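Everything on this sheet refers to the single structure shown next.
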2 protein chains.
Amino acid sequence: MSDDQPISPTLPGHLIRRLHQLSTQIFAQRIKDAGSDLTPVQFAALDALAARPGIDQARLAEMIAKDRATIGGVVDRLEQKGLISREVSPEDKRARVVRLTPQGQATLSHLLPVVQELQRDILPGLSAAEYDQFLALVGKATRAAEAN
Amino acid sequence: MSDDQPISPTLPGHLIRRLHQLSTQIFAQRIKDAGSDLTPVQFAALDALAARPGIDQARLAEMIAKDRATIGGVVDRLEQKGLISREVSPEDKRARVVRLTPQGQATLSHLLPVVQELQRDILPGLSAAEYDQFLALVGKATRAAEAN
DNA sequence: GCATTTTAGTATGTATACATATCAAAACTC
DNA sequence: GAGTTTTGATATGTATACATACTAAAATGC
């Protein structure tokens, strides 16, 4: 017979995928309610550029853990929305330095509190102590994985 | 001034995204080492079909928490690889019932232990106790989120 | 200082992921 | 039981995500 229980849904990999999925859904909903349509990655890019204005795309990709191909598309779309500017680096003709436009800065300022706010709802049903515990464990695991 | 630290990387949403990313990278690497090129979603689909042979695509989508449009593509690719068969349901002409082919069954049997094995490496740097704790917390959070 | 290698960005192709629209079929309503 | 609504699947369009290949420019090695 072949009606054993599937094992996938109980595996860490699946649970992580599912949590990621729920997280992006909540993000999309709250950002939409706030009158915007930024994706999590686009928000992360704006946030990174606010901290390091004028870095190039490769540096930006590193900061938010994407590859160069992916960041190329993200930067394209942010530029089309008028939220960032892009120009050839004076020091390195291969590189494009990127920075927030005033509109990008305004958008980020508007959304920062919204994004802070929604984080708690990504992990519903956890007590404050469990929430902190979860964050500590995820942080530990990702740091260990990145150390390789 | 604008060189504050970015806040994104410290947020739960980002950590979850990063963990998901690391998880799929490890999955891809180990599956490749085992001589296959299945993705996490394709594996989950095979695993679900082994437990419920002959369900339709909508039911399959529910089981692994994808929407119908996404599952359509996944099923297309699995069919092209010869791992599943698809035919119109006798009871409902709209529905397509899906099941593993012998080759799909063999692939699943081959990969099941590999996938079991790699789970532990998705969360490196955690002790056994922390690992269990993490799983319990993720499970609790996803169940709570799905309850809405 | 020239040849080799590395790096920045883009282009291309595949695979999720999801919203929306459409078609056909089933379920429901009165 | 005809009309409405819901449902299963597909089609289309957008956005990651990543591998690979390519061009141009910079860094390096000897």
Side-chain angles (χ1 to χ4, degrees), chain A residues 13-14 16-29 31-32 36-45 54-81 83 86-98, chain B residues 13-14 16-29 31-32 36-45 54-81 83 86-98:
Chain A
H14 175 87
I16 291 166
R17 196 155 67 251
R18 187 81 185 99
L19 195 56
H20 173 242
Q21 195 179 24
L22 293 164
S23 156
T24 59
Q25 283 167 2
I26 290 168
F27 189 97
Q29 186 57 58
I31 292 298
K32 188 181 169 193
S36 175
D37 66 342
L38 281 198
T39 65
V41 174
Q42 290 169 7
F43 173 82
I55 58 173
D56 62 39
Q57 293 184 191
R59 240 50 58 200
L60 176 58
E62 263 173 51
M63 277 184 84
I64 59 178
K66 308 292 160 217
D67 63 24
R68 281 173 310 170
T70 300
I71 237 44
V74 174
V75 165
D76 280 347
R77 288 181 285 276
L78 288 173
E79 192 182 23
Q80 271 183 333
K81 289 180 183 178
L83 303 181
R86 168 159 57 165
E87 41 185 86
V88 173
S89 164
E91 292 108 39
D92 184 340
K93 287 178 204 160
R94 295 168 303 177
R96 307 295 156 88
V97 295
V98 190
Chain B
H14 175 89
I16 291 165
R17 197 156 65 250
R18 187 83 185 97
L19 195 56
H20 173 242
Q21 195 180 26
L22 293 165
S23 156
T24 60
Q25 283 167 3
I26 290 169
F27 189 98
Q29 186 58 58
I31 292 298
K32 188 181 169 194
S36 175
D37 65 343
L38 282 198
T39 65
V41 175
Q42 290 170 7
F43 173 81
I55 57 174
D56 63 37
Q57 294 184 188
R59 240 49 57 199
L60 177 58
E62 262 174 49
M63 278 185 81
I64 59 177
K66 309 292 161 212
D67 62 24
R68 283 174 309 173
T70 300
I71 237 41
V74 174
V75 165
D76 280 347
R77 288 180 285 275
L78 288 173
E79 194 183 21
Q80 272 184 332
K81 290 180 182 180
L83 303 182
R86 167 160 55 166
E87 41 186 87
V88 173
S89 165
E91 292 108 40
D92 184 340
K93 287 178 203 161
R94 294 169 303 179
R96 308 295 157 88
V97 294
V98 190

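Values in this document were obtained by computation on a predicted structure and should not be read as measured data. Chain A is the first sequence line, chain B the second, and so forth, proteins listed ahead of strands; every chain is numbered from 1.
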Phosphate-side-chain proximity, B:Gln25 and D:dA17, N/O vs OP1/OP2 below 4.0 Å: no

Tell me which nucleotide among D:dC18, C:dC18, C:dA25 gets nearest to the side chain of B:Ala69. C:dC18

Show your working on side-chain hydrogen bond (donor to acceptor under 3.5 Å, both in side chains) between B:Arg18 and B:Gln21 and close with a plain yes or no. CA-CA 5 Å; B:Arg18 187 83 185 97; B:Gln21 195 180 26; 2.7 Å; yes

Which residue, B:Asp92 or A:Gln80, contacts DNA chain D at a nucleotide closer to its 5' end, judged by nearest heavy atom? B:Asp92

Just how far, in rounded Å, is C1' of C:dT10 from CG of A:Asp76? 9 Å

Which whole-number value in Å describes the distance from A:Ile16 CD1 to C:dT16 P? 18 Å

Rounded to the nearest Å, what distance is computed from the CD1 atom of residue B:Ile64 to the C1' atom of nucleotide C:dA15? 13 Å

If the cut-off is 4.0 Å, is A:Arg94 near the phosphate of C:dT10, judged by side-chain N/O to OP1 or OP2? no

Look at the side-chain N and O atoms of B:Arg86 and state whether any lies under 4.0 Å from the OP1 or OP2 oxygen of D:dT10. yes

OP1 or OP2 of D:dT16 versus the side-chain N and O atoms of B:Arg17: is any pair under 4.0 Å? no

Considering only heavy atoms and no angle criterion, is a donor-acceptor pair shorter than 3.5 Å present between the side chain of B:Arg68 and the base of D:dG8? yes

Which of these, B:Arg96, B:Glu62, B:Arg86, B:Lys66, sits in a side-chain hydrogen bond (donor to acceptor under 3.5 Å, both in side chains) with B:Gln57? B:Arg86

Does A:Arg59 make a side-chain N or O approach to OP1 or OP2 of C:dA8 shorter than 4.0 Å? yes

Without decimals, in angstroms, what is the distance between A:Arg18 CZ and C:dT16 P? 17 Å

Can you tell me if B:Gln21 touches the phosphate of D:dT16, counting only side-chain N or O atoms and a distance under 4.0 Å to OP1 or OP2? no

Spacing of A:Leu83 atom CG and A:Arg77 atom CZ [to the nearest 0.5 Å]: 12.5 Å

What's the closest nucleotide to the side chain of A:Arg77 if the choices are C:dG9, D:dT16, D:dA17? D:dT16

To the side chain of A:Asp67, which of C:dT10, C:dT16, D:dC18 is closest? D:dC18

Taking the basic N atoms (NZ, or NE/NH1/NH2) and the acidic carboxylate oxygens, is any pair closer than 4.0 Å for A:Arg94 and A:Asp56? no

Looking at A:Thr39, does any N or O in its side chain come under 4.0 Å of the phosphate oxygens OP1/OP2 on D:dT16? yes

May I have the step-by-step check of side-chain hydrogen bond (donor to acceptor under 3.5 Å, both in side chains) for A:Ser89 and A:Asp92, ending in yes or no? CA-CA 5 Å; A:Ser89 164; A:Asp92 184 340; over 6 Å; no

Residue pair B:Pro90/B:Gln42 against DNA chain C: nearer the 5' end by closest nucleotide is B:Gln42

Between B:Glu62 (CD) and D:dA9 (C1'), how many Å, whole number? 15 Å

Are any of B:Lys93's side-chain N or O atoms less than 4.0 Å away from OP1 or OP2 of C:dA25? no

Would you sort out whether A:Leu78 and A:Val98 count as a side chain to side chain contact (heavy atoms under 4.5 Å, CB included), showing the intermediate values? CA-CA 10 Å; A:Leu78 288 173; A:Val98 190; over 6 Å; no

Tell me: CZ of A:Phe27 to P of D:dA15, nearest whole Å? 14 Å

Whole-Å distance separating the CG atom of B:Asp56 from the P atom of D:dT10: 11 Å

A:Glu91 or B:Val97, whichever maps to the more 5' nucleotide of DNA chain D: B:Val97

Can you check the A:Leu38 CG to D:dT16 P distance for me, whole Å? 9 Å

